[in-house]
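Shown next, in structure tokens, is the structure this report addresses.
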Amino acid sequence: MTGDRSGVPAPPPGGTGNGPAVSRQEFDALFDRVRTWGRWTPADRGAWNRVTPEHVRRATAQVRSGTAVSLGRPWSTTPGPDNSRPALHYMSDLGDLEPPEPATHKDFIAVDYHGKAVSHLDALSHAAYRGQLYDGRAARECIDAAGARFGAVSALGPLVTKGVLLDLPAVLGCDWLEPGRAVHAEDLVSAERALGVTIGEGDAVLLRSGSVRRRREVGVWDPGTASAGCHVDAVPLLAERGIALLGGDGDSDVRPSPVDGVHSPVHALALAAMGVPLLDNLDLEALSVAAAETGRYAFLLVVAPLDIPGGTGSPVDPVAVL
């Protein structure tokens, strides 16, 4: 099979599976090729350092109608194949614990958010490869039971930048990509052309596979076993464009993984090599409709993670403004 410029075997024409398979040797060479260690200060903000005040000013020019679209999924307390650790929500005060007036009502929430059901941001401390976090920091020296001392979500702060929606079902004329379908670099380029957008430095790229619609219409399955997402051969293109954030309605990785012994290769490349935080489990259905109605697939994106010292990420409800 002929290789492409990434050093990863090229996908077969018209392929719909998760391949081609990638060896650990090929993957390690790709990891070393796209890594950006030593590039930024502070290092634990990683690629978010690309977003300067000038980037923010340019991003605000994307706003035309002022329509704001939430990209987060509802807080899910229902267990299922895609939600093995449901979020918690209960009322802690029904207005009877304090003298009135006014009566107050309070509730409690908690969540183990790294999974397939909660919209969340992965900070750079979330994934290590070959024992190393981003910038070559030893994971065992940076993370313990108290949390992360490098790459914590508290180091990131808010992100305001240009977002780009690559709506693959809209481009391909289908309702959704079937679980296990890999998205390749050629798919990203084709989507750019079809949707009239160009991924630039400091941009946030959001990939819609249609998984949320599929779940609603077909039913629940385990995305940890099979999900549409990026093949590793798409990563060099994103690295060349200098993105600041990658996200989608899955967790960005195609599953099953095409890389032997690496269950989440895009996580390893994005977080540990490139310093690119990830947005997982978004709901991009409303944004897909709004983008189609306006004919605009670029917008202002606002991501404001919780300030959790030592946290490896945060639940989040990003907002796109068209």
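Pairs passing the side-chain hydrogen bond (donor to acceptor under 3.5 Å, both in side chains) check and including a residue from residues 156-169, sequence neighbours excluded, read Lys162-Asp203, Asp167-Arg208, Asp167-Ser288.
Listed by chain and number, the residues in a salt bridge (charged side-chain N to carboxylate O under 4.0 Å, His left out) with Arg24 amount to none (sequence neighbours excluded). Annotation: salt bridge (charged side-chain N to carboxylate O under 4.0 Å, His left out) contacts of Arg213 (sequence neighbours excluded): Asp175, Glu217. For Asp307, there are no salt bridge (charged side-chain N to carboxylate O under 4.0 Å, His left out) partners at least two apart in sequence or on another chain. For the side chain to side chain contact (heavy atoms under 4.5 Å, CB included) test, residues two or more places apart in sequence or in another chain that qualify with Asn281 are Arg73, His120. In this view, Asp251 and Lys116, Asp253, Arg255, His267, Asp280 satisfy the side chain to side chain contact (heavy atoms under 4.5 Å, CB included) rule, not counting sequence neighbours. The salt bridge (charged side-chain N to carboxylate O under 4.0 Å, His left out) check on Arg35 picks up Asp32, with sequence neighbours excluded.
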Taking only distance into account, with no hydrogens and no angle test, what donor-acceptor pairs under 3.5 Å do side-chain atoms of residues 55-62 form with protein atoms, sequence neighbours excluded?
unit_1 : atom_1 : unit_2 : atom_2 : d
His55  : ND1    : Arg50  : O      : 3.1
His55  : ND1    : Thr52  : N      : 3.2
His55  : ND1    : Thr52  : OG1    : 2.9
His55  : NE2    : Glu201 : O      : 3.4
Arg57  : NE     : Glu54  : OE1    : 3.1
Arg57  : NH2    : Glu54  : OE1    : 2.8
Thr60  : OG1    : Arg57  : O      : 2.6

Pairs under 3.5 angstrom only: tabulate donor-acceptor contacts from the side chains of residues 314-322 to other protein residues two or more places apart or in another chain.
unit_1 : atom_1 : unit_2 : atom_2 : d
Ser314 : OG     : Leu306 : N      : 2.9
Asp317 : OD1    : Ser70  : OG     : 2.6
Asp317 : OD1    : Gly72  : N      : 2.9
Asp317 : OD2    : Ser70  : OG     : 3.1

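Of all non-hydrogen atoms in Pro305 and Pro158, the two that sit nearest each other are CD-CA, 4.3 Å. Scanning both residues, Gly250 and Ser211, for their nearest heavy atoms gives N-OG, 4.4 Å. Nearest heavy-atom pair, Asn83 versus Pro86, reported as atom, atom and distance to 0.1 Å: OD1-CA, 3.6 Å. Smallest separation of non-hydrogen atoms from Pro265 and Pro258: CG-CD, 4.4 Å. A pairwise comparison of heavy atoms in Ser154 and Gly310 identifies OG-N, 3.9 Å as the closest pair. What you find for Ala244 and Ala47 is that their closest heavy atoms are CB-O, 3.7 Å.
With hydrogens and angles disregarded, a donor-acceptor distance shorter than 3.5 Å links the side chain of Asp222 to the backbone of Gly224. Proximity of a side-chain donor or acceptor of Thr312 to a complementary backbone N or O of His126 within less than 3.5 Å is not detected. In terms of modelled atom types and a separation under 3.5 Å, the side chain of Asp249 and the main chain of Gly210 share a donor-acceptor contact. Of the possible polar contacts, none joining the Asp122 side chain to the Leu278 backbone as a donor-acceptor pair under 3.5 Å is found. For the pair His231 (side chain) and Pro20 (backbone), a donor-acceptor distance under 3.5 Å is present. A donor-acceptor contact shorter than 3.5 Å is absent between the side chain of Arg241 and the backbone of Gly200.
With rounding to the nearest 0.5 Å, the separation of NE2 in His184 from SG in Cys230 is 10.0 Å. In this structure, OG in Ser257 is found 9.0 Å from NE2 in His263, a value given to the nearest 0.5 Å. Expressed to the nearest 0.5 Å, how far CG of Leu269 lies from CG of Leu30 amounts to 5.0 Å. For the atom pair CG of Asp135 and CD of Gln132, the computed distance is 10.0 Å after rounding to the nearest 0.5 Å. The CG atom of Asp44 sits 10.0 Å away from atom CG of Leu133, with the distance rounded to the nearest 0.5 Å. Interatomic distance, CG of Asp82 versus OG of Ser227, reported as 11.5 Å (0.5 Å rounding).
Leu271 and Val254 fall into different hydrophobic clusters, where Ile, Leu, Val, Met, Phe, Trp and Tyr are joined by side-chain heavy atoms under 4.5 Å apart, directly or via other members. Val183 and Trp176 are not part of a single hydrophobic cluster, where members link through side-chain heavy atoms under 4.5 Å apart. Side-chain heavy atoms closer than 4.5 Å link hydrophobic residues (I, L, V, M, F, W, Y) into clusters, and following such links, even through other members, never connects Leu168 to Val212. A continuous path of hydrophobic side-chain contacts links Phe31 to Val266 [ILVMFWY only; heavy atoms under 4.5 Å]. Taken together through direct or relayed side-chain contacts under 4.5 Å among Ile, Leu, Val, Met, Phe, Trp and Tyr, Leu301 and Val289 form parts of separate hydrophobic clusters.
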Task: Pair Arg130-Asp28, salt bridge (Lys or Arg N to Asp or Glu O under 4.0 Å): steps then yes or no - done: CA-CA 10 Å; Arg130 298 181 299 204; Asp28 285 350; 3.7 Å; yes

Task: Evaluation steps, side chain to side chain contact (heavy atoms under 4.5 Å, CB included), between Asn49 and Arg39 - done: CA-CA 10 Å; Asn49 284 294; Arg39 179 172 299 184; over 6 Å; no

Open item on the list: Would Val262 and Val232 count as a side chain to side chain contact (heavy atoms under 4.5 Å, CB included) here? Give the steps.
Closed with: CA-CA 11 Å; Val262 183; Val232 297; over 6 Å; no

Task: Leu188/Leu238 under side chain to side chain contact (heavy atoms under 4.5 Å, CB included): CA gap, chis, key distance, verdict - done: CA-CA 9 Å; Leu188 303 184; Leu238 299 173; 4.0 Å; yes

TODO: For the pair Glu186 and Arg193, evaluate salt bridge (Lys or Arg N to Asp or Glu O under 4.0 Å) and give the outcome as yes or no after the intermediate values.
DONE: CA-CA 11 Å; Glu186 62 195 45; Arg193 292 171 179 164; over 6 Å; no

TODO: Begin from the C-alpha positions of Val164 and Leu166 and carry the test side chain to side chain contact (heavy atoms under 4.5 Å, CB included) through to its verdict.
DONE: CA-CA 6 Å; Val164 174; Leu166 298 185; 3.9 Å; yes

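Here the side chains of Leu282 and Leu287 are not in contact, with every heavy-atom distance at 4.5 Å or above. Within the 4.5 Å cutoff, the side chain of Phe299 has no heavy atoms near those of the Val69 side chain. In this structure, the side chains of Leu156 and Leu159 stay at 4.5 Å or more apart for every pair of heavy atoms.
Heavy-atom contacts from other residues, nucleotides or ligands closer than 6.0 Å to CG of Asp260 number 12 or fewer. Counting non-hydrogen atoms of neighbouring residues, nucleotides and ligands closer than 6.0 angstrom, the NE2 atom of His105 exceeds 12 such neighbours.
With a 4.5 Å cut-off between side-chain heavy atoms of Ile, Leu, Val, Met, Phe, Trp and Tyr, the cluster of Leu94 takes in Met91. Grouped by direct or indirect side-chain proximity (heavy atoms under 4.5 Å, Ile/Leu/Val/Met/Phe/Trp/Tyr only), Val118 sits with Trp75, Ile109, Val111, Tyr113. Residues Leu88, Phe108 make up the rest of the hydrophobic cluster containing Tyr90, defined by ILVMFWY side-chain heavy atoms closer than 4.5 Å, directly or through other members.
A cation-pi geometry, defined here as NZ or CZ lying under 6.0 Å from the six-membered ring centre and within 45° of its normal, holds between Arg214 and Trp221.
The existence of a salt bridge linking Glu26 and Arg33 is excluded, since no basic side-chain nitrogen approaches an acidic carboxylate oxygen closer than 4.0 Å.
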